[in-house]
Amino acid sequence: MTADGQNIVVAANNPNDHQIVRLSDLSSNGSYSSWQFPNAVAVATDGTVATGASGDFVKTYRPGSTWPSFHEYAVNDLQRDGLAWAPDENRLFAITGLSYGSAPTLHVLPDAGKLETTLSFQAPATSRKGKDLTITGWLSAAEPLPAGTTVEVTRTDAEHPSGTPVGTFSISTATGEFTFTEQPRQTGDITYTATYKGDGQHMPATTQTTVTITK
């Protein structure tokens with residue numbers, strides 16, 4: 001049953017789709033695409049749907065969406081009713097084996113309920129010592145990130161070869177943008193590393209950029 005209690009998702013081997021059926025009158029309400037032999041489905045409490053087929057990938061779908069899948073896992077010989085969400089609803093369990101005499105195997109699919117995130121930097125290739133150096137970054141995902149989301153930035157240079165914190169910066173909820181300005185005190189290469197730790201719905205991400213500081 002879907003999280004809203006309005007539909008059921010059927011894994012019935014034939015046809016080659018996971019059919020969605022309205023509970024109110026058992027009419028068709030769409031489907032999740034599979035290649036062949038659907039045999040498993042699991043729904044998380046937030047509405048994320050996991051589908052599986054003995055001859056296809058295990059796929060996950062965001063709530064309310066039937067295309068495209070946002071994660072695919074190559075899990076061969078998935079067993080009937082062989083999918084289940086872990087209590088944290090980010091890991092997905094899948095059972096394979098038995099069909100061809102092999103031992104049953106439990107697969108733990110990490111972050112199956114999380115969206116991928118992307119971090120990027122825009123920075124000049126060079127900058128003058130003691131002058132303002134402004135760097136802009138972006139954090140993005142398929143769905144908007146919540147208000148208050150932050151990115152941590154560290155700096156690695158000749159004075160700090162192991163890295164030193166620059167700061168923690170909040171992103172714009174509209175654009176995912178963040179920016180910071182420094183005045184480098186030494187010449188040479190400076191590498192900035194941005195890190196997003198992730199949350200219950202989004203995977204972590206990191207990126208780097210290097211700026212050469214001249215006299």
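Basis for what follows: all heavy atoms, side chains included, without hydrogens, waters or symmetry-related copies. All residue numbers in this chain count up from 1 along the given sequence.
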K.L.:
Measure the spacing between CG of D199 and OG1 of T117 and express it to the nearest 0.5 Å.
P.N.:
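It comes to 8.5 Å.
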
K.L.:
Taking F37 as the starting point, is it possible to reach I20 by hopping between hydrophobic residues whose side chains are less than 4.5 Å apart?
P.N.:
no

K.L.:
Would you call the rings of F178 and F180 parallel, tilted or perpendicular if under 30° counts as parallel and over 60° as perpendicular?
P.N.:
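Judged by the thresholds at 30° and 60°, the geometry between F178 and F180 is parallel.
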
K.L.:
State, without any angle test, whether T126 and T214 hold a side-chain donor-acceptor pair at a distance under 3.5 Å.
P.N.:
no

K.L.:
Judged by modelled atom types alone, do D77 and T96 share a side-chain donor-acceptor pair under 3.5 Å?
P.N.:
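No donor-acceptor contact under 3.5 Å links the two side chains.
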
K.L.:
Donor-acceptor pair, distance only, cut-off 3.5 Å: does the side chain of T149 make one with the backbone of P146?
P.N.:
yes

K.L.:
Please evaluate residues E152 and Y196 with respect to the criterion side-chain hydrogen bond (donor to acceptor under 3.5 Å, both in side chains), reporting the C-alpha separation (whole Å), side-chain torsions for both, the decisive distance (0.1 Å), and the verdict.
P.N.:
CA-CA 7 Å; E152 297 180 359; Y196 168 61; over 6 Å; no

K.L.:
Given the rule that I, L, V, M, F, W and Y join up when any side-chain heavy atoms are under 4.5 Å apart, are Y192 and I213 in one cluster?
P.N.:
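Same hydrophobic cluster.
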
K.L.:
How many angstroms lie between CZ in R155 and CG in L133, if you round to the nearest 0.5 Å?
P.N.:
10.0 Å

K.L.:
Using 30° and 60° as the class limits, which term best fits the ring planes of Y61 and Y32: parallel, tilted or perpendicular?
P.N.:
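The arrangement is tilted - the two ring planes meet at 30° to 60°.
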
K.L.:
As a quick check of understanding, evaluate side chain to side chain contact (heavy atoms under 4.5 Å, CB included) for V58 and L109, giving each step before the final call.
P.N.:
CA-CA 10 Å; V58 170; L109 309 178; 4.1 Å; yes

K.L.:
Please report the C-alpha distance between T210 and D189 in whole Å, then the side-chain angles of each, then the deciding distance to 0.1 Å, and finally whether the side-chain hydrogen bond (donor to acceptor under 3.5 Å, both in side chains) criterion is met.
P.N.:
CA-CA 6 Å; T210 298; D189 288 347; over 6 Å; no

K.L.:
Among side-chain atoms of S31 and Q19, is any donor-acceptor pair under 3.5 angstrom?
P.N.:
no

K.L.:
Grab the two heavy atoms, one from G52 and one from L83, that are nearest each other, plus how far apart they are.
P.N.:
N-CD1, 3.6 Å

K.L.:
Does E116, at its CD atom, have more than 12 non-hydrogen atoms belonging to other residues, nucleotides or ligands within less than 6.0 Å?
P.N.:
no

K.L.:
Report the C-alpha separation of T191 and Q208 in whole Å, then their side-chain angles, then the decisive distance to 0.1 Å, and conclude whether the side-chain hydrogen bond (donor to acceptor under 3.5 Å, both in side chains) test is met.
P.N.:
CA-CA 7 Å; T191 298; Q208 289 185 331; 6.0 Å; no

K.L.:
Start with the C-alpha gap between Q79 and N39, add the side-chain angles, then the distance that decides, and say whether side-chain hydrogen bond (donor to acceptor under 3.5 Å, both in side chains) holds.
P.N.:
CA-CA 7 Å; Q79 293 302 291; N39 65 354; over 6 Å; no

K.L.:
In this structure, are over 12 heavy atoms from other groups packed under 6.0 Å from E72 atom CD?
P.N.:
yes

K.L.:
When you compare the side chains of N7 and R22, does any donor N or O come within less than 3.5 Å of an acceptor on the partner?
P.N.:
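Note: N7 and R22 side chains miss the donor-acceptor criterion.
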
